[in-house]
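Okay, so here's the structure we're looking at.
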2 protein chains.
Amino acid sequence: MITAAVKHTGHRHPRPRSAAIVDDIIAQLSQQGYRDTEPRRLVINAAAAQRRPFTAEELCAALPCVGRATVYRGLRLLVETEQVCRVLLEDRELRYQLSHQGHHHHLLCAACGASADLANCDVDALLQEAAATAGFQMSGHWLEIYGRCADCAVV
Amino acid sequence: MITAAVKHTGHRHPRPRSAAIVDDIIAQLSQQGYRDTEPRRLVINAAAAQRRPFTAEELCAALPCVGRATVYRGLRLLVETEQVCRVLLEDRELRYQLSHQGHHHHLLCAACGASADLANCDVDALLQEAAATAGFQMSGHWLEIYGRCADCAVV
DNA sequence: TATCCAACTGATACGGAGTATCATAATGAT
DNA sequence: ATCATTATGATACTCCGTATCAGTTGGATA
Ligand SMILES: [Zn+2]
Ligand SMILES: [Zn+2]
Ligand SMILES: [Zn+2]
Ligand SMILES: [Zn+2]
């Protein structure tokens, strides 16, 4: 049986490191009028525990006590509030990962599944310009980068 | 209306303008060992008749006499042989369009659904470089650009 | 032209991913 | 403690795409 993460609010026992993340996200959601519920915390906690971009179904499997619809709703909310990013693999499988805020793109390793952020990249400006040259007003874009991370690189 | 260059192959009755396209694609497929079949021609013809990126289901609806599985298989083959591109909309809906060969990206208009190609863009080199800086070996990428085409631009 | 096999087709059924519904439960403001 | 609002979860559903498989067709060969 799983010993559930007990909610410690201000006493001596240290909580799992992800607890701070969960609290932070819950706080952000509260600010926007969303409630602090047990299933929602479980979803956030499970998402934070993943080491790789994960699928909604993986989260469902990791949370047998949370309804499937609730997991999907939770993820959708987290994406809407930009706490979680969507990641699209080459085979169009949709995965998620905790967001590091701000606009960025993902370097996705085909070998180990790792995801790294590519920020501070002027791709966006370049695209904007290239689009404008074609008389196109760019309002957004979707960019995923596939390959191999440093650890999995082929010599 | 656009008067297309009709390919006259030695007889008097002009065929629909798309016939040349169909013949060309069928020829390419034949070269690779794929057969020239009636349903396959119908799929290619219907694809060529679309003015906007289209969904597989739209093609099925346009081809009631062709089995659904055949339409899907036909599209898959056309994508594999690079006669057709996949286009991913912002809501992750998958659409297709005849390919203009070579690597390129799409400028997708949210207002009218039009798609224009963005070629001759050095985004790829920039990405490659940015990825390399992060120790990442880029092998591919997915990029779609959303916004408004010249006709639908907001002043 | 007849033969023959691999490729193709289409009806059907299946599976995965995500959402609509709706009765019930929990939250948090008062 | 009350109560309106929001959230939950079981279920059923839709949508997209694919596996299956018996029957058909294309086209190479003779
Ligand atoms: Zn981006
Ligand atoms: Zn890796
Ligand atoms: Zn591309
Ligand atoms: Zn437009």
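Numbers restart at 1 for each chain; the letters A, B, ... are given by sequence-line order, proteins then strands.
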Among [options], which is the nearest nucleotide to the side chain of [X]?
{"X": "B/R73", "options": "D/dA7, C/dG10, D/dG9", "result": "C/dG10"}
{"X": "A/R76", "options": "C/dT19, D/dA4, C/dC8", "result": "C/dT19"}
{"X": "B/A69", "options": "D/dG27, C/dG10, C/dT9", "result": "C/dG10"}
{"X": "B/P39", "options": "D/dG9, C/dG10, D/dG27", "result": "C/dG10"}
{"X": "A/D36", "options": "C/dG28, C/dA17, D/dT5", "result": "C/dG28"}

So, is [X] near the phosphate of [N], with a side-chain N or O under 4.0 Å from OP1 or OP2?
{"X": "A/Y72", "N": "C/dG18", "value": "yes"}
{"X": "B/T37", "N": "C/dT9", "value": "yes"}
{"X": "A/R40", "N": "D/dT8", "value": "yes"}

**Request:** Run the numbers on A/D117 and A/H106 for side chain to side chain contact (heavy atoms under 4.5 Å, CB included), then give the verdict.
**Result:** CA-CA 5 Å; A/D117 285 358; A/H106 305 126; 3.4 Å; yes
Measure from [atom1] on [X] to [atom2] on [N] and round the result to the nearest Å.
{"X": "A/R35", "N": "C/dT27", "atom1": "CZ", "atom2": "P", "answer": "9 Å"}
{"X": "B/E58", "N": "D/dC15", "atom1": "CD", "atom2": "P", "answer": "14 Å"}
{"X": "B/L75", "N": "D/dC16", "atom1": "CG", "atom2": "P", "answer": "13 Å"}
{"X": "B/D91", "N": "C/dT19", "atom1": "CG", "atom2": "C1'", "answer": "14 Å"}
{"X": "A/R68", "N": "D/dC13", "atom1": "CZ", "atom2": "P", "answer": "15 Å"}
{"X": "A/R92", "N": "D/dT18", "atom1": "CZ", "atom2": "C1'", "answer": "13 Å"}
{"X": "A/L59", "N": "C/dA17", "atom1": "CG", "atom2": "P", "answer": "13 Å"}
{"X": "A/R41", "N": "C/dT27", "atom1": "CZ", "atom2": "P", "answer": "11 Å"}

**Request:** Name the residue closer to the 5' end of DNA chain D, choosing between B/S30 and B/E57 according to the nucleotide with the nearest heavy atom.
**Result:**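 Residue closer to the 5' terminus by nearest nucleotide: B/E57.
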**Whichever of B/L94 and B/Y34 has its nearest DNA chain D nucleotide further upstream toward 5'** =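 Final value for this comparison: B/L94.
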**Prompt:** Is the number of heavy atoms from other residues, nucleotides or ligands within 6.0 Å of OH (A/Y72) greater than 12?
**Reply:**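 Counting other residues, nucleotides and ligands, OH of A/Y72 exceeds 12 neighbours.
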**Prompt:** How many angstroms lie between atom CD of A/Q83 and atom NE2 of A/H100, to the nearest 0.5 angstrom?
**Reply:**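 If we round to the nearest 0.5 Å, A/Q83:CD and A/H100:NE2 are 11.5 Å apart.
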**Full working for salt bridge (charged side-chain N to carboxylate O under 4.0 Å, His left out) between A/R40 and A/E38** = CA-CA 5 Å; A/R40 190 163 281 166; A/E38 182 63 11; over 6 Å; no
**Asked** Reckon B/C65 touches a base, only the sugar-phosphate, or nothing at all at heavy-atom distances under 4.0 Å?
**Response**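 Since only primed, P, OP1 and OP2 atoms lie under 4.0 Å of B/C65, the category is sugar-phosphate.
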**Request:** Classify the ring geometry between B/H141 and B/H105 as parallel (under 30°), tilted (30 to 60°) or perpendicular (over 60°).
**Result:** tilted
